[in-house]
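Below is one structure, written out as structure tokens, with a few remarks after it.
Atoms within a ligand are numbered from 1 in the order they appear, just like the ligands themselves.
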Amino acid sequence: MAIDQFTGPSTAAVHAGEPRQRAFDAITPPVVHSATYTFRDSAELIAFQSGDLEREEYGRYGNPTVRAVEARLAALESPTAPAAALLCASGMNALTTVMLALLPSGSHVILTDDGYRRTRQFVRTMLARLGVTHSVVAAADPAAIAAAIEPGRTRLIVTEAPTNPYLRVIDLAAVASIAREHRIKTLIDATFATPYNMRPLEYGIDLVVHSCSKYLAGHNDLLAGVIIGRPPIISALRETQGILGGICDPHTAYLLGRGLKTFALRMERHNHNGQAVAEFLARHPRVSRVHYPGLPEHPDHAVARAQMRGFGGVVSFEVVGDLQSAMAVVDRLRLPYIAPSFGGVESLVEQPALMSYYELSSEERLAVGIRDNLIRLSCGIEDVSDLIADLQQALADE
Ligand SMILES: *Cc1c(COP(=O)(O)O)cnc(C)c1O
């Protein structure tokens with residue numbers, strides 16, 4: 001049995017993309033710190049330039065350590081159909097690389113709301129300067145996407161699932177079918193889902209982007225991003241990266257590859273902890289609302305169940321009261337650190353009103369759907385009984 005015939009996510013997370021026999025017979029892959037690559041003679045150079053020889057050339061165009069991790073990420077995202085991956089300097093760099101490559105001046109892009117704020121900012125400010133217009137429509141609403149299409153001008157649909165912070169989950173097959181009908185490309189930022197929980201390419205989505213800084217690396221110790229899709233479109237995007245220069249360096253790629261070894265194990269625990277914490281919070285009298293796709297009362301529960309293996313470690317919830325009440329709960333928590341980000345082994349907690357949306361007034365925040373009493377908890381891989389005990393004491397009356 002060839003190594004690429006094993007398609008389980010745990011097996012892929014450990015083995016995919018790595019040659020069986022490695023440099024010096026070491027079990028760990030080499031970290032190739034090289035800015036450039038040497039040619040034996042002019043004949044070898046000519047063979048390379050004419051396409052007869054595949055090999056490295058210069059650090060901005062590829063690196064063996066980076067390529068191994070790219071192959072592993074592609075195998076995780078697409079265990080059976082051919083796919084390729086392009087590692088980038090960060091999740092944002094992955095998103096901007098795709099949009100700069102696919103959106104010519106005069107074109108139009110559709111975004112969904114409740115999404116990563118910097119993505120919207122990039123489209124609103126930088127792409128607008130390049131003559132690209134956009135529409136923002138409601139998250140998890142394929143009909144709203146269809147209605148926003150400007151025939152002939154719309155080139156790209158950018159969605160996210162689950163969204164941030166309300167964890168909305170869009171029907172992927174519906175989006176893909178609308179896009180195909182109009183010959184529009186689709187991109188999904190699936191950072192909150194990861195390929196362990198959802199595989200959008202199998203529903204006909206063209207490109208998947210992840211911030212590897214979250215679950216994929218999993219240890220809150222690096223920044224990287226990845227774009228995954230069918231090989232021809234990834235080759236084209238690699239050309240764009242060669243121009244823009246937003247590469248992932250070999251040391252970061254090594255750390256990402258190391259983190260990936262335990263990816264499936266960690267996701268199992270994140271899913272388990274997220275579900276149990278969401279169920280606990282949903283029953284708590286001092287919690288007015290819980291947003292988690294694994295709960296039957298979540299508006300996208302049915303779509304999420306059909307499309308996802310599990311629902312991840314991020315749980316958003318609203319405490320009874322106002323900004324101060326939520327601050328008091330956050331400050332009483334002992335296990336989670338107050339920090340942006342999620343998806344690492346350590347639990348993190350934040351109030352969107354004080355973190356990503358701090359510079360907006362309470363009214364402006366409400367207009368974009370961010371309530372002051374909202375808390376976003378990213379469950380790490382700690383024991384769930386400890387996480388729940390901590391929440392229990394933090395939510396108790398003083
Ligand atoms: C973190 C994040 C990004 C940006 O990723 P970086 O690696 O921080 O640049 C984009 N989208 C989502 C959904 C994210 O959570």
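Taking the six-membered ring for Trp and the full ring otherwise, F192 and Y215 have centroids separated by 6.0 Å or more.
Of the protein's non-hydrogen atoms, G91 N, 3.3 Å is the one closest to atom 6 (P) of ligand 1. Considering only non-hydrogen protein atoms, atom 9 (O) of ligand 1 sits nearest to M92 N, 2.9 Å. Of all protein heavy atoms, the one closest to atom 14 (C) of ligand 1 is K214 NZ, 3.0 Å.
Residue contacts with ligand 1 for C212 are absent, since no atom lies close enough (heavy atoms, distance under 4.0 Å).
Close approach of ligand 1 to S213 is summarised as follows: ligand atoms under 4.0 Å from at least one heavy atom of the residue are 6 (P), 7 (O). The distance from ligand 1 to the heavy atoms of F342 drops below 4.0 Å at these ligand atoms: 15 (O). Below 4.0 Å from some heavy atom of E160 lie the following atoms of ligand 1, by number and element: 13 (C).
Atom 11 (N) of ligand 1 has its nearest heavy-atom neighbour, among D189, N93, L223, N164, in D189.
Inclusion of S211 in the set of residues having an N or O under 3.5 Å from an N or O of ligand 1 is warranted.
Residues passing the salt bridge (Lys or Arg N to Asp or Glu O under 4.0 Å) test with R180: none are found, sequence neighbours excluded. Partners of R238 by salt bridge (Lys or Arg N to Asp or Glu O under 4.0 Å), not counting sequence neighbours, listed by chain and number: E70.
Residue contact check for ligand 1: A224 places a non-hydrogen atom closer than 4.0 Å to it.
Residue M327 holds its CE atom at 11.0 Å from CD1 of I375, rounded to the nearest 0.5 Å. R376 CZ to E350 CD: the interatomic distance, rounded to the nearest 0.5 Å, is 4.0 Å.
A donor-acceptor contact under 3.5 angstrom links the side chains of D249 and T252, judged on distance only.
The main-chain N or O of A353 is never found under 3.5 Å from a side-chain atom of R371 such that the two would form a donor-acceptor pair.
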